[in-house]
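Heads up: the structure comes next, in structure tokens.
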Protein chains: 2
Amino acid sequence: MSRSYGQFCSIARALDRLGNRWTLLLIRELLVGPKRFKDLEAGLPGIGANLLSARLKTLESEGIIQRIVLPPPAGVPAYELTEMGQELEQVLLALARWGQRYIDTGYDGDYVRGEWAVVALKGSFRSEAALGLQAVYELRMGEESIHLDIDNGRLTAGLGPALKPDVLLTGDLNAFVASWAGDLDLVEAIADGRISIKGDSELLVRFGDLFPSRQG
Amino acid sequence: MSRSYGQFCSIARALDRLGNRWTLLLIRELLVGPKRFKDLEAGLPGIGANLLSARLKTLESEGIIQRIVLPPPAGVPAYELTEMGQELEQVLLALARWGQRYIDTGYDGDYVRGEWAVVALKGSFRSEAALGLQAVYELRMGEESIHLDIDNGRLTAGLGPALKPDVLLTGDLNAFVASWAGDLDLVEAIADGRISIKGDSELLVRFGDLFPSRQG
DNA sequence: CGGAATCCTCTTCGATACTG
DNA sequence: CAGTATCGAAGAGGATTCCG
């Protein structure tokens, strides 16, 4: 399958498993939670069912992901990361940090998905800026919601709405994308109504500090 | 060249540049210092000159590496990481940490090189274990030497001998490999003479603590 | 509907031979 | 020594089909 590099080196060994096309993006998809085959296809446009199937099989045999059956009432098959797979989070966050330079310089019409912000924001989170802060953010981007729970320097982020958000930002996905791309200031977006805010607006000011982009 | 994933996502954007075969291993090679074309070929057995040439060209055009002429008396062309390329260190260290599980479970005869330990040891370094410690280690593995300067929780590691090592470990590369692979205990290796130690032997005890493997 | 298997075309890789 | 050129082999991508 994946041609081995044949090197006694932890990086090469990791890349023997992860270096194939789509593999790390597939992990990114599963990092926000279990997903079905069709959801993975949707998050990885262009992959092709055969290749996705092959990648899933390989990763399962390597113990990085596992097939599960979602709890009732769903009761349908899905894929999730094993503990070993979860441990790849730091690799993806490091990649996200390095790659941020290529996204905060404008949006070019590429495919985008709100839930990717879960991983991206985890990557750009500045723990130091959150010391002593207790706050729950919810971002409602079109159909998708994500939540960010900040508790004194620690961040827990995930898919879906927050139970009790201190701040709720609602808007079109395009508006959020424009703000990440540096095309639109968040405060400006709220001023002209492209994004609406509910809750403690003081916390909005801190948002840019907690999740900085290159532009500042 | 590299087919783009076409996603507005920092991870996908990073992988657009780094996801090709050999690319991240090429970065690993340059992470320990500038190298000539032939040295890169030697560190990446199997790559093929055409592919190495193509990767170098692409990475240069992306501003991740740059061509230089080594200072006199060498005066020969070489490649080195740009600042942007240097910033990939955290990505490689994260990969090294995750991949360590695949190397500390025995050596299988794969190609290996002493200088890779510079990156691997940086990855496994436990800063907490080095608080208050000031020590310079040198590892002389066959022809290759690397040095590890520890200064109160901070590690600087690089190719070549140390100026004033507190501990000098000398041995065959095979012996060091065996110890990394968990096939041979470092203390045992010294007891039976496969690795010899010169200097403060107390610091040897701390070595396993500073650079732990999965086995402990 | 989910997902695995097949077929075909295209791109990329890998090894060797070759050139300034 | 530093790359180019070439070509067979392997992997990727897209469409379609089959099976539960």
Side-chain angles (χ1 to χ4, degrees), chain A residues 1-7 12 15-27 29-30 33-62 65-80 110-111, chain B residues 1-7 12 15-26 29-30 34-62 65-80 110-111:
Chain A
M1 180 107 305
S2 56
R3 205 178 289 249
S4 168
Y5 286 112
Q7 298 188 355
L15 291 172
D16 280 342
R17 277 89 185 175
L18 310 170
N20 278 6
R21 194 161 160 76
W22 296 110
T23 299
L24 279 168
L25 290 186
L26 176 48
I27 308 278
E29 288 298 305
L30 293 179
K35 291 210 171 155
R36 310 201 55 184
F37 192 93
K38 65 161 181 185
D39 298 324
L40 292 169
E41 268 186 308
L44 303 170
I47 191 177
N50 55 348
L51 200 49
L52 175 55
S53 177
R55 293 284 182 271
L56 288 169
K57 215 165 289 182
T58 306
L59 286 170
E60 190 187 0
S61 78
E62 291 167 340
I65 68 172
Q66 58 195 355
R67 287 191 63 141
I68 55 164
V69 175
L70 291 177
V76 292
Y79 296 87
E80 73 174 6
D110 268 358
Y111 183 73
Chain B
M1 183 105 305
S2 55
R3 200 180 291 254
S4 168
Y5 286 112
Q7 298 188 357
L15 292 173
D16 281 343
R17 277 87 184 176
L18 310 171
N20 278 8
R21 194 161 161 76
W22 295 108
T23 299
L24 280 168
L25 290 186
L26 176 47
E29 288 298 306
L30 293 178
K35 291 211 172 156
R36 308 195 58 181
F37 192 92
K38 65 161 180 182
D39 297 324
L40 291 170
E41 269 186 307
L44 304 170
I47 191 178
N50 58 343
L51 200 50
L52 175 55
S53 176
R55 292 287 182 271
L56 289 169
K57 218 164 284 182
T58 306
L59 287 170
E60 189 185 1
S61 78
E62 291 166 339
I65 68 172
Q66 58 194 356
R67 287 191 62 142
I68 57 165
V69 175
L70 291 177
V76 291
Y79 297 88
E80 71 174 7
D110 269 358
Y111 184 73

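Heavy-atom basis, side chains included; hydrogens, waters and symmetry copies ignored. Order of the sequence lines fixes the chain letters, A, B, ..., with proteins taken first and strands second; residue numbering starts at 1 for each chain.
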Over all heavy atoms of both residues, which pair between B:Asp16 and B:Arg3 is shortest? Give the atoms and the distance, please.
OD1-O, 4.1 Å
Contacts of B:Tyr5 that satisfy ring pair (Phe, Tyr, Trp, His ring centres under 6.0 Å) - sequence neighbours left out:
A:Trp22
Which pairs, protein N/O on one side and nucleotides 18-20 of chain C N/O on the other, fall under 3.5 Å?
none

note: A:Leu56, atom CG; C:dG2, atom C1'; distance rounded to Å ~ 12 Å
Gap between atoms CZ and C1', on A:Phe37 and D:dG20 respectively (whole Å):
15 Å
To 10°, what angle do the rotation axes through the five end pairs on each side of the helix from C:dG2-D:dC19 to C:dG20-D:dC1 form?
30°
Where A:Thr23 and A:Leu18 come nearest, the two heavy atoms and their spacing:
CB-O, 3.6 Å
Between A:Leu52 (CG) and C:dG2 (P), how many Å, whole number?
13 Å
Roughly how many Å is it from CD1 in A:Ile65 to C1' in C:dG3, rounded to a whole number?
14 Å
How about B:Ile47 and B:Leu40: do any of their side-chain heavy atoms sit closer than 4.5 Å?
no
Atom CG of B:Leu44 and atom C1' of D:dG3: how far apart are they, to the nearest Å?
16 Å
Taken to the nearest whole Å, CD/B:Glu41 to P/D:dT4 is 12 Å
Nearest to the side chain of B:Arg67 - D:dC1, D:dG3, C:dG3?
D:dG3
For B:Asp110, enumerate each residue passing the side-chain contact (heavy atoms from CB on, under 4.5 Å) test, keeping only those at least two apart in sequence or located in another chain.
A:Phe8, A:Arg13, B:Asp108
Chi angles and distances behind the side chain to side chain contact (heavy atoms under 4.5 Å, CB included) call for B:Leu25, A:Gln7
CA-CA 10 Å; B:Leu25 290 186; A:Gln7 298 188 355; 4.0 Å; yes
Between CZ of A:Arg21 and CG of A:Leu44, what distance do you get to the nearest 0.5 Å?
10.5 Å
Which pairs, with at least one residue in residues 42-54 of chain A and sequence neighbours excluded, count as a side-chain hydrogen bond (donor to acceptor under 3.5 Å, both in side chains)?
none
Could you pull out the closest heavy-atom pair between B:Tyr79 and B:Leu30, with the gap in Å?
O-CD2, 3.4 Å
If only side-chain N and O atoms of B:Ser53 are considered, is one of them under 4.0 Å from the OP1 or OP2 phosphate oxygen of D:dT4?
yes
Set of side-chain contact (heavy atoms from CB on, under 4.5 Å) partners for B:Ala49, sequence neighbours left out:
B:Phe37, B:Glu41
Quick check on D:dG3: is either OP1 or OP2 less than 4.0 Å from any side-chain nitrogen or oxygen of B:Tyr79?
yes
It should be established whether B:Lys38 places a side-chain nitrogen or oxygen under 4.0 Å from OP1 or OP2 of nucleotide D:dA2.
no
Collect all protein-nucleotide pairs involving nucleotides 12-15 of chain D in which both atoms are nitrogen or oxygen and the distance is under 3.5 Å.
from: D:dA12; atom 1: OP1; to: A:Arg55; atom 2: NH2; distance (Å): 2.5
from: D:dA12; atom 1: OP2; to: A:Arg55; atom 2: NH2; distance (Å): 3.3
from: D:dG13; atom 1: OP1; to: A:Arg21; atom 2: NE; distance (Å): 2.5
from: D:dG13; atom 1: OP1; to: A:Arg21; atom 2: NH2; distance (Å): 3.2
from: D:dG13; atom 1: OP2; to: A:Trp22; atom 2: NE1; distance (Å): 2.7
from: D:dG14; atom 1: OP2; to: A:Gly46; atom 2: O; distance (Å): 3.0
from: D:dG14; atom 1: O6; to: A:Asn50; atom 2: ND2; distance (Å): 2.8

Nearest-Å distance for atom pair CD1/C1', residues A:Ile68 and C:dG3
16 Å
Just the rounded figure in Å: distance from P of D:dA2 to CG of B:Leu40.
9 Å
Across all chains, not counting sequence neighbours, the side-chain hydrogen bond (donor to acceptor under 3.5 Å, both in side chains) partners of B:Glu80 are B:Gln66
Listed nucleotide nearest any side-chain atom of B:Lys57, set C:dA4, D:dT4, D:dC1:
D:dT4
Check side-chain hydrogen bond (donor to acceptor under 3.5 Å, both in side chains) between B:Glu29 and all other residues, then give those that pass, not counting sequence neighbours.
B:Lys35, B:Trp116
